[in-house]
Amino acid sequence: MTPTASGGVLALGIGPLRIEDVAAVAAGSVTVQVAEAARRRVRAGHEVARAYAAAGRPVYGLTTGLGAAADTPLDPADVTAFQARVLRGRGVGLGPALPRATVRAMMLVRAAGLAQGASGASEAPLHALVAALNAGLEPVVPAIGSIGAADLAPLAHLGLALTGEGTCLLDGRPVPAAAALAACGLAPLRPGLKDGHALVGGNALSVGAATLLLAETGRLLCWMEAAIALHFTAFRANPSVLDARALALRPAPGVEAVAARLRALLGPDGLAGPDGARRLQDPLSFRCGPQVLAAFGEAVALARAATEAELTGAGDNPAVLADADATGAIVSNGNFDLTHFVLRFEMLAQAMAQAATAAAWRCFKTMSPGFSDLPRFLTPLGGSRTGFATVQKTVAALEARIRHRALPVSLAPLPVADGVEDHAGMAPAVVDKAQASLADLRRLAAIELVVAAQALALRPSPHLGPALAAVLAFVRTRVPPLEDDRPIGPDLARLEEALATEDPG
């Protein structure tokens with residue numbers, strides 16, 4: 001499914017949804033259409049739900065209450081009205097509003113889930129989500145309230161806004177939802193049979209936020225490789241750690257590819273000759289840099305695979321199987337559980353902590369004359385100047401934040417719903433801390449690039465191949481060399497912003 005295949009239009013429901021698709025819709029650069037195949041699936045699933053309801057058969061969230069109230073049958077006259085109460089009763093979110101892009105990603109992911117046809121909902125919620133996306137209408141959704149056993153509270157706030165309750169952003173301004181819908185020419189959603197439960201019955205916040213995080217990781221990995229290569233040259237590290245023959249003896253996932261890219265950045269003459277390596281063996285933050293960065297890349301790949309699985313599947317409970325037999329079937333299940341997904345993102349946060357610690361130590365070693373043979377704190381004017389001394393405090397603060405977020409939040413959640421819901425993965429919190437660590441790691445990458453560039457300015461006649469010369473030029477157009485003391489924070493922030501939007505080379 002390619003968003004640009006037909007003039008920037010994403011056809012929902014005819015193929016697997018990709019991470020890049022979600023990022024494009026979240027950015028507002030792609031419009032969404034519902035494929036006819038998806039409409040047919042949704043209609044077929046809804047007919048099964050209608051038949052079960054008409055027969056009075058017990059179905060969770062259709063003819064019974066939810067959570068601990070699963071043992072409470074609904075009055076047949078109350079089955080439809082109950083769906084609106086599902087949304088109102090779960091609008092319990094607190095805290096700051098989710099970013100606009102995250103809300104749009106959540107909307108698309110839930111629409112994709114509904115397009116699978118396994119929820120039993122009518123077409124109305126699917127079309128309401130797509131219409132709001134295309135109109136640029138984003139509900140205001142509080143960030144706190146989900147434990148990842150379906151993102152009930154965030155999706156309830158989303159669904160309430162589609163019904164005209166709550167608040168939406170319209171042209172960046174908060175507007176009462178009913179007025180916002182009217183301004184966009186959209187009618188409020190009136191939840192019918194199974195519609196309210198279907199809207200809240202997925203992990204669209206967790207998965208949507210994960211797609212936006214993963215859309216950023218590739219660029220950051222490239223910049224971290226560029227920073228290590230530039231730092232190798234500035235430190236005059238021993239390039240033997242990139243030897244393909246040695247790495248093949250222990251082919252850890254991704255390390256040979258990382259080393260090959262680092263060799264390409266250094267060029268065939270990098271660190272060769274009299275201005276080459278200064279030591280037989282360097283500190284481990286340099287010597288094991290390829291292994292640490294490869295582990296980060298492997299964690300990204302695993303998190304990506306877990307996210308793509310969620311984008312492809314349907315996590316509805318109960319699941320409607322329209323083609324199970326002549327009348328269809330509705331099956332209770334635990335497909336909403338995100339343990340696999342959560343473990344991958346916990347691993348990602350831990351991999352980022354490893355990368356952060358190594359980057360921090362490389363910076364510190366380069367600022368130390370005993371390790372780098374350069375002026376202390378990289379100041380060319382002597383000990384009365386601060387140089388990069390207090391940058392170490394910023395580095396330490398960033399590394400501590402990233403390392404703290406590596407601690408798992410997914411273990412031992414409190415049971416809820418009168419003890420019925422006694423397991424949850426805390427997926428939104430896990431993804432949120434990984435996203436925060438990614439932002440801090442990008443800040444560390446900016447610092448490492450500046451530290452390496454400053455060291456190169458102090459090193460006699462450094463040799464740079466064309467690829468690293470381009471990296472250095474990228475840094476220098478935003479951060480001039482440090483002569484006398486000046487506030488370096490604005491320089492680092494300017495470079496960090498560039499790393500978020502531009503690719504190396």
Side-chain angles (χ1 to χ4, degrees), residues 1 3 9-17 21-22 25-26 30-50 61-62 80 83-84 86-87 103-139 141 150-152 154-164 168 177 181 184-205 207-208 310-323 328 330 335-336:
M1 184 188 302
V9 175
L10 172 66
L12 197 62
I14 57 173
L17 188 64
D21 298 335
V22 181
V25 172
V30 170
T31 57
V32 183
Q33 293 179 350
V34 181
E36 179 57 33
R39 292 191 178 98
R40 288 196 297 269
R41 287 195 297 269
V42 172
R43 287 195 292 267
H46 188 55
E47 284 305 311
V48 175
R50 287 172 58 86
L62 176 67
T80 300
Q83 297 300 314
V86 169
L87 299 177
V103 173
R104 290 183 62 82
M106 177 171 64
M107 294 167 74
L108 179 64
V109 171
R110 191 62 201 124
L114 294 176
Q116 299 289 331
S119 71
S122 71
E123 293 183 70
L126 172 58
H127 291 303
L129 285 165
V130 170
L133 277 170
N134 291 337
L137 187 71
E138 292 94 28
V141 179
D151 293 324
L152 302 176
L155 287 167
H157 285 278
L158 169 60
L160 284 168
L162 297 178
T163 69
C168 292
L181 289 166
C184 293
L186 302 178
L189 172 67
R190 297 290 175 251
L193 192 76
K194 198 62 172 63
D195 290 349
H197 185 216
L199 274 169
V200 303
N203 292 292
L205 167 58
V207 177
E310 295 301 324
L311 290 174
T312 301
D316 298 283
N317 172 50
V320 176
L321 309 174
D323 57 356
I330 301 180
N335 283 345
F336 54 86

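- Distance alone, capped at 3.5 Å, places no donor-acceptor pair between the Asn317 side chain and the Gly201 backbone.
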Note to self: Before you tell me yes or no, could you show the steps for Val30 and Asp21 under side-chain contact (heavy atoms from CB on, under 4.5 Å), namely the whole-Å CA-CA distance, both residues' side-chain angles and the distance that decides it to 0.1 Å?
What the structure shows: CA-CA 8 Å; Val30 170; Asp21 298 335; over 6 Å; no
Margin query: Applying side-chain contact (heavy atoms from CB on, under 4.5 Å) to Leu205 and Leu155, what does each step give before you reach the verdict?
Written below: CA-CA 8 Å; Leu205 167 58; Leu155 287 167; 5.9 Å; no
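- Leu193 has its side chain within reach of His46: a pair of non-hydrogen atoms, C-beta onward, lies under 4.5 Å apart.
- Shown here for Ile330 and Val320, the closest heavy-atom pair between the two residues is CG1-CG2, 4.1 Å.
- Note: Leu87 CG to His197 NE2 = 10.5 Å, rounded to the nearest 0.5 Å.
- Heavy atoms only, all atoms of each residue included: Ala161 and Pro139 are closest at CB-CB, 3.4 Å.
- With contacts defined as side-chain heavy-atom distances shorter than 4.5 Å, the pair Leu181/Leu137 qualifies.
- What you find for Thr163 and Pro188 is that their closest heavy atoms are O-CB, 3.4 Å.
- The two residues Leu114 and Ser119 have their closest heavy-atom pair at CD2-OG, 3.6 Å.
- Side chain of Gln116 to main chain of Thr312: a donor-acceptor pair is present (N/O by atom type, distance under 3.5 Å, no hydrogens or angles).
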Next item on the list: With side-chain contact (heavy atoms from CB on, under 4.5 Å) as the test, would you mind laying out the steps for Leu129 and Val32 before giving the verdict?
Entry: CA-CA 10 Å; Leu129 285 165; Val32 183; over 6 Å; no
Next item on the list: Evaluate the side-chain contact (heavy atoms from CB on, under 4.5 Å) criterion for residues Leu199 and Val86: first the C-alpha distance (whole Å), next the side-chain angles of each, then the deciding distance (0.1 Å), finally the verdict.
Entry: CA-CA 9 Å; Leu199 274 169; Val86 169; over 6 Å; no
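- Side chain of Gln33 to backbone of Val130: no donor-acceptor contact under 3.5 angstrom is found.
- Of the possible donor and acceptor atoms, none in the side chain of Arg39 sits under 3.5 Å from a partner among the backbone N and O of Glu123.
- Under the 3.5 Å distance criterion, with hydrogens and angles disregarded, a donor-acceptor pair is assigned to the side chains of Asp195 and Ser122.
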Check residues 105-113 and write down every donor-acceptor pair under 3.5 Å in which the side-chain atom is one partner and the other belongs to a residue at least two apart or another chain.
unit_1: Arg110; atom_1: NE; unit_2: Ala198; atom_2: O; d: 3.0
unit_1: Arg110; atom_1: NH2; unit_2: Ala198; atom_2: O; d: 2.7
unit_1: Arg110; atom_1: NH2; unit_2: Asp316; atom_2: OD1; d: 2.7

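- The backbone N or O of Leu133 lies less than 3.5 Å from a partner atom in the side chain of Arg104, making a donor-acceptor pair.
- When all heavy atoms of Gln83 and Pro191 are compared, the pair lying nearest together is CB-CB, 4.2 Å.
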